[in-house]
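Hydrogens, waters and symmetry mates are skipped; everything else that's a heavy atom, side chains included, is used. Bear in mind that the values here come from a model prediction, so they are computed numbers and not experimental data. Counting begins at 1 with the first residue of the sequence.
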Amino acid sequence: MSRLRLSDGVATLSPLSLDDLDAHLASKDDQLVRWLTGRSSFRAGTVAYIRRCKQQWSINGTLRAFGIHIAAQADLVGTIDVRFGTEDLTEGQVSIAYGLYPK
């Protein structure tokens, strides 16, 4: 997969990758756990999730996971997941979940 990047010059979205792993794990707080996952993240589980996200991109699957980066620092500041084509969504609908890290 080529490295897709969408940017407005301030924030950049790109597919979530293993390069984002450490920042992602370090930045989750109680509110992100509460609203997005319901449980704390562990390294092995997060690696598996990012690999699944990457696989979904490569097969045109129903999940697109983006890392949100601030252009000036290239720091990961959050994520966006877009899901579509699942049985609980009608045609043309998507489910969007996002989390911004506290700092």
Side-chain angles (χ1 to χ4, degrees):
M1 166 183 69
S2 65
R3 189 73 170 155
L4 171 70
R5 292 188 185 281
L6 304 171
S7 182
D8 65 358
V10 176
T12 300
L13 303 180
S14 59
L16 195 61
S17 75
L18 290 173
D19 292 340
D20 298 319
L21 176 65
D22 291 332
H24 183 63
L25 285 171
S27 296
K28 281 207 161 182
D29 69 352
D30 292 341
Q31 290 299 312
L32 280 174
V33 169
R34 177 180 177 210
W35 293 102
L36 290 180
T37 63
R39 63 191 187 318
S40 295
S41 297
F42 296 98
R43 188 170 197 84
T46 305
V47 166
Y49 173 72
I50 291 173
R51 286 184 176 149
R52 180 173 166 266
C53 292
K54 200 171 170 181
Q55 183 251 2
Q56 286 289 297
W57 277 97
S58 69
I59 65 167
N60 259 353
T62 59
L63 168 65
R64 299 292 181 275
F66 296 90
I68 306 168
H69 298 265
I70 297 299
Q73 304 97 340
D75 291 340
L76 183 71
V77 298
T79 61
I80 299 175
D81 287 4
V82 179
R83 296 174 191 270
F84 52 91
T86 60
E87 62 184 52
D88 58 328
L89 298 171
T90 61
E91 188 170 335
Q93 286 186 319
V94 298
S95 172
I96 299 172
Y98 68 93
L100 297 174
Y101 303 147
K103 69 175 185 169

Pairs under 3.5 angstrom only: tabulate donor-acceptor contacts from the side chains of residues 4-12 to other protein residues two or more places apart or in another chain.
{"from": "Ser7", "atom 1": "OG", "to": "Gly9", "atom 2": "N", "distance (Å)": "2.9"}
{"from": "Ser7", "atom 1": "OG", "to": "Ala11", "atom 2": "O", "distance (Å)": "3.2"}
{"from": "Ser7", "atom 1": "OG", "to": "Thr12", "atom 2": "OG1", "distance (Å)": "3.1"}
{"from": "Asp8", "atom 1": "OD1", "to": "Val10", "atom 2": "N", "distance (Å)": "2.8"}
{"from": "Asp8", "atom 1": "OD1", "to": "Ala11", "atom 2": "N", "distance (Å)": "2.8"}

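When the side chain to side chain donor-acceptor pair (under 3.5 Å) test is applied to Asp22, the partners found at least two apart in sequence or on another chain are Arg43. Looking at residues two or more places apart in sequence or on another chain, you find no salt bridge (charged side-chain N to carboxylate O under 4.0 Å, His left out) involving Asp20. With sequence neighbours excluded, the residues forming a salt bridge (charged side-chain N to carboxylate O under 4.0 Å, His left out) with Arg83 are Asp81, listed by chain and number. Taking Thr62 as the reference, nothing meets the side chain to side chain donor-acceptor pair (under 3.5 Å) condition, with sequence neighbours excluded. Under the ring-ring contact (aromatic ring centres under 6.0 Å, His included) criterion, Phe66 pairs with Trp57, not counting sequence neighbours.
Here Leu16 contributes atom CG and Thr79 contributes atom OG1; the two are 6.5 Å apart, rounded to the nearest 0.5 Å. One finds the OG1 atom of Thr86 at 9.0 Å from the CD atom of Gln93 (value rounded to the nearest 0.5 Å).
Note on Ile96: it clusters hydrophobically with Leu13, by side-chain heavy-atom contacts below 4.5 Å among ILVMFWY residues. Hydrophobic clustering, with ILVMFWY side chains joined whenever heavy atoms are under 4.5 angstrom apart, groups Ile70 together with Ile80.
For the side chain to side chain contact (heavy atoms under 4.5 Å, CB included) criterion with Leu18, the lone passing option out of Arg51, His24, Lys54 is Arg51.
Closest non-hydrogen pair, Leu89 versus Ser95, comes out as CD1-N, 3.9 Å.
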